[in-house]
Colleague: 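Below is one structure. I have some questions about it.
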Number of protein chains: 2
Amino acid sequence: MAPGLVDRFIAIVGETNVIRDAAGLAPHLVEDRGLYKGSSPLLLKPASTQEVSAILKLASETGTAIVPQTGNTGLVGGQTPRAGGSDVIVSLARMNRIRDIDPVANVLVADGGAILADVQKAAEDVNRLFPLSLGSEGSCRIGGNLSTNAGGTAVLAYGNMRQLCLGLEVVLPTGEIWDGLRRLKKDNTGYDLRDLFIGAEGTLGIITGAVLKLFPRPVGHQVAFAGVGSTEDALQLFDKASTLCGSALTGFELMPRIGIEFTTRHIDGVRDPLSEPHPWYVLIDISTSDSAQTAEVMVHSLLEQGFEAGLVRDAVIASSVAQQKALWTMRESMSGAQKPEGGSIKHDVSVPVSKIPQFMAEAEKAVLAAMPGARVCAFGHMGDGNIHYNISQPIGADKQAFLDRWREINAIVHAIVLNAGGSISAEHGIGQLKRDELAHVRSPIEMELMYRIKKSFDPAGIMNPGKVVIAP
Amino acid sequence: MAPGLVDRFIAIVGETNVIRDAAGLAPHLVEDRGLYKGSSPLLLKPASTQEVSAILKLASETGTAIVPQTGNTGLVGGQTPRAGGSDVIVSLARMNRIRDIDPVANVLVADGGAILADVQKAAEDVNRLFPLSLGSEGSCRIGGNLSTNAGGTAVLAYGNMRQLCLGLEVVLPTGEIWDGLRRLKKDNTGYDLRDLFIGAEGTLGIITGAVLKLFPRPVGHQVAFAGVGSTEDALQLFDKASTLCGSALTGFELMPRIGIEFTTRHIDGVRDPLSEPHPWYVLIDISTSDSAQTAEVMVHSLLEQGFEAGLVRDAVIASSVAQQKALWTMRESMSGAQKPEGGSIKHDVSVPVSKIPQFMAEAEKAVLAAMPGARVCAFGHMGDGNIHYNISQPIGADKQAFLDRWREINAIVHAIVLNAGGSISAEHGIGQLKRDELAHVRSPIEMELMYRIKKSFDPAGIMNPGKVVIAP
């Protein structure tokens, strides 16, 4: 990169808001799983939408590649600069304000760099709920949540980030600012630009602000944990739960026996609350707005129905907030609990809810045929059809030799997913990890339409190049 | 149109599936309000997605303008051919099947020409709810509902058509078929094409199929009707209702005294259930999934809270399904009840919910200043911020002279809407009616992005030309 150009970028944000040294840049060049390592000459920390605009304008004029980065918690390498050394990182870390909050209209306006936990807290302070909840909520930021259309544990009742957003402010690759910060539930005036930027992983522009939906805080909350005999039984129980609870069903998570073994073995404070082992487990989360009693009646009725139908083998209802948290900790630590068991090959897939049992059976058979002794630890958001299909290495196997088969195992599992009408990326996105696979799972005409959009929004090709969609 | 070309179009669908005579074409050249009258040499009724594809391919090759038409119930002229005589109408009337229904996955797959009431009925037959509900549900069709992102009376709890759709099948202007009939709640694989077609009013392609979301049928249902002193009181009551009921609040409709007078005067069977008149009224609809009792307790608690806070002056709770229907009839006949009162100038606007009182006060003041004696009959979906701001002519005024001021009055009301951060088309779309206004309410960069999308999807410019977005 020409020194003169570096100076022009620095002049936009000021010398103190720039990182150029190797030690300072290092944490921004890698992502959590260690799958990608990039390089970059320069990280810029703009303080305003106008500064982001000036950066992108200069980038478009000079053909400088830009990688937007918020919390750097993404799981597919979308936020990591490419190896090669010329991508300039734009960090929104300084644009972290809650701009406005209106509890009557149930909206909150945040900077793209606002931390998710700060948004949750701001909503709580006015007795409202912002329902997006993720493991990384203490460090991930709203712009990244929107750019990846984040999911998490409350999607069943509240939807994913796409459903939680009313309006956006985006700086386009050309530097132009789109002020789409509308606070409206209903607005049918032309094409839906908002949803194009949501989930585009920073390839169409940088999301610098957003209008988010708030909800009343539930007053009743119950968490139950039940052992079931099969994924078919879990599915039937889910059907009963959604019929009984409607949108009060705020979580329905599926877990396998091996996941309970891993978490009780490796995670402090996690214990199996049931006396006997069961093949599968479900965690049921119910939230009600009218009274605490409604949730209590619901959870008891549901388990009663489940026992009567022979679907539930054993169950507990958390009797305190601490116990509720402990049950959720078990679920949320399931991925981490695989680490001490050696290598883990991961998938973030979804299928129609009714096809989960069939998918689980077929995938396990195929994986074990390809790799005898592999330990399938598939768990996830059953109510959304979203399974984190993780596979721990066979006991005693060589970790690297196991991980070297990542793509091969992916291909096996993804083929079964696609056959069931599913998605190879339910909530993590495409980034670099699944970029080459995208063209195989989406049709030529879909890829063509995506290229056309990319080209017409980013004619200079500077926005997060090499991610999601690349020229044919 | 060259006879040879007409024959080529006819050959695609067969002579018996074509309308060419003036009498047969007549109902397809006008819309309900009589605002637009177009002309057309030919209406084609394809039987399959493949036939639609062949039609659009030929149209793109020959530069023939195409107007898609489903139930012809749109309110902005989007489905009406232009005057001039060369637009070919493509009707989806024969593509009216329910293709598939999966109550466990809660999805239904329908042709673009399926009638909304048939979809509702098919869902009911498997004990599920498809919540979209409109006055025209007996004749409007799914492709049109999607193309206009239809709203209706259940948006508060279930969202509008955009939120009710999981996947689409679209024939692109070039004739290529995009099979995006995914049944997934979570799918983050590239740009969101689906939401571009939803609400595009047939200018980017023809929606020939859709995967729709189903919901459990509520078991508890309560409808209440309350007299309130002001829009401020209605807003405070809405806040209490949404806090208490959460997503069990399935309707919160605002009506003015004059609307009650119009409906009781002109609509058979409608009577005012309250003994004294009140300045404003709200209709509250509550649906619960767990038990009938929950809804009953909720509606009583809400009215109690409302009385205690001095917000509710008087109220009734419908004690039978017939009474529930009667209350809804009052609300739904409010637009029709204006007809015997003379001309009516209409607006379909939205503002942030918290700004409804301010908007209502400012708009009334401005309208009365411009037109003394005008009778404002503003009602609508308060919970969505969506007001049908209708104005009946002054008593004894000349109807045509009144209607001639449509654009002038629109401009006055829309200026106040925009000042409140609102939308000039909450649920009806742009079509021809608001096309020229669109460029004044959306920024140059928004218009520019829309043009770019239009051009890249429809290079030959054949899809519903003259609607929504036109070249700069």
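Residue numbering restarts at 1 for every chain, and letters A, B, ... go by the order of the sequence lines.
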Colleague: Among G190(A), G422(A), P218(A), which has the most heavy-atom pairs under 4.5 Å with chain B?
Modeller: G190(A)

Colleague: Considering only heavy atoms, which portion of D290(B) lies under 4.5 Å from any heavy atom of chain A: side chain, backbone, both, or neither?
Modeller: both

Colleague: Check each atom of R217(B) against the heavy atoms of chain A and say whether the ones under 4.5 Å are side chain, backbone, both or neither.
Modeller: neither

Colleague: S423(B) and T189(A): which non-hydrogen atoms are nearest, and at how many Å?
Modeller: OG-CG2, 3.5 Å

Colleague: Are any side-chain N or O atoms of S350(A) and backbone N or O atoms of K186(B), one a donor and one an acceptor, separated by less than 3.5 Å?
Modeller: yes

Colleague: Report yes if the side chains of P352(A) and L184(B) come closer than 4.5 Å at any heavy-atom pair, otherwise no.
Modeller: yes

Colleague: Please flag which part of R162(B) lies under 4.5 Å from any non-hydrogen atom of chain A: side chain, backbone, both or neither.
Modeller: side chain

Colleague: Is S456(A) reaching over with its side chain to a backbone N or O of R452(B), donor-acceptor style, under 3.5 angstrom?
Modeller: no

Colleague: Can you tell me which of S443(B), P444(B), G429(B), G159(B) forms the most heavy-atom pairs within a distance under 4.5 Å of chain A?
Modeller: G429(B)

Colleague: Measuring heavy-atom distances to chain A, does V155(B) have an atom under 4.5 Å in its side chain, in its backbone, in both, or in neither?
Modeller: side chain

Colleague: Apply side-chain contact (heavy atoms from CB on, under 4.5 Å) to the pair V353(B) and N106(A), showing each step before the final yes or no.
Modeller: CA-CA 8 Å; V353(B) 181; N106(A) 274 315; over 6 Å; no

Colleague: Heavy-atom cut-off 4.5 Å, strictly under: side chain, backbone, both or neither for F457(B) against chain A?
Modeller: both

Colleague: Quick check on the interface: out of S354(A), P216(A), A248(A), who has the most heavy-atom pairs with chain B under 4.5 Å?
Modeller: S354(A)

Colleague: Under 4.5 Å from any heavy atom of chain A, what part of E427(B) do you find: side chain, backbone, both or neither?
Modeller: both

Colleague: At a heavy-atom distance under 4.5 Å, which candidate from E176(B), K434(B), H381(B) has the highest pair count against chain A?
Modeller: E176(B)

Colleague: Name the option with the most non-hydrogen atom pairs under 4.5 Å to chain A; the candidates are I177(B), T203(B), D348(B).
Modeller: T203(B)

Colleague: Do I453(B) and L193(A) have side chains that approach each other closer than 4.5 Å (heavy atoms only, starting at C-beta)?
Modeller: yes

Colleague: Go through the atoms of L235(B) and report whether side chain, backbone, both or neither lie under 4.5 Å from a heavy atom of chain A.
Modeller: side chain

Colleague: Quick check on T148(B) against chain A: is it the side chain, the backbone, both or neither that has a heavy atom closer than 4.5 Å?
Modeller: backbone

Colleague: Given that the side chain runs from C-beta out, which part of M450(B) has a heavy atom under 4.5 Å from chain A: side chain, backbone, both or neither?
Modeller: both

Colleague: If you count heavy-atom pairs within less than 4.5 Å of chain B, which of T294(A), L438(A), V104(A), L244(A) leads?
Modeller: L244(A)

Colleague: At a 4.5 Å cut-off on heavy atoms, which part of K455(B) comes close to chain A: side chain, backbone, both, or neither?
Modeller: neither

Colleague: Measure from the side-chain N and O atoms of K185(A) to the backbone N and O of G383(B), and report whether any donor-acceptor pair falls under 3.5 Å.
Modeller: yes

Colleague: For chain B, which of R442(A), M447(A), E448(A), Q293(A) has the most heavy-atom pairs under 4.5 Å?
Modeller: R442(A)

Colleague: Mind ranking E201(B), R435(B), R128(B) by heavy-atom pairs under 4.5 Å with chain A and telling me who comes out on top?
Modeller: R128(B)

Colleague: At a 4.5 Å cut-off on heavy atoms, which part of R194(A) comes close to chain B: side chain, backbone, both, or neither?
Modeller: side chain

Colleague: Let me know if D102(B) has heavy atoms under 4.5 Å from chain A in its side chain, its backbone, both or neither.
Modeller: side chain

Colleague: Is it the backbone or the side chain of K355(A) that comes under 4.5 Å from a heavy atom of chain B, or both, or neither?
Modeller: neither

Colleague: Shorter than 4.5 Å, heavy atoms on both sides: which option in Q236(B), E437(B), K454(B) has the most such pairs with chain A?
Modeller: K454(B)

Colleague: Are any non-hydrogen side-chain atoms of L449(B) and L172(A) less than 4.5 angstrom apart?
Modeller: yes

Colleague: Going by the side-chain contact (heavy atoms from CB on, under 4.5 Å) test, name the single residue among I424(A), V468(A), N149(A) that passes it with N188(B).
Modeller: N149(A)

Colleague: Please report the closest heavy-atom contact between L204(A) and Y191(B), naming both atoms and the distance.
Modeller: CD2-OH, 3.5 Å

Colleague: Counting only heavy atoms closer than 4.5 Å, note whether I430(B) contacts chain A via side chain, backbone, both or neither.
Modeller: both

Colleague: Of the non-hydrogen atoms in S289(A) and G246(B), which two are nearest, and what is the gap between them?
Modeller: OG-N, 3.1 Å

Colleague: What part of R182(B) gets closer than 4.5 Å to chain A, counting heavy atoms only: side chain, backbone, both or neither?
Modeller: side chain

Colleague: What distance do D187(A) atom CG and N386(B) atom CG have between them, rounded to the nearest 0.5 Å?
Modeller: 10.5 Å

Colleague: When rounded to the nearest 0.5 angstrom, what distance separates CG in L214(A) from OG in S242(B)?
Modeller: 11.5 Å

Colleague: Please answer whether the main-chain N or O of I198(B) pairs with a side-chain N or O of D192(A) as donor and acceptor at a distance below 3.5 Å.
Modeller: no

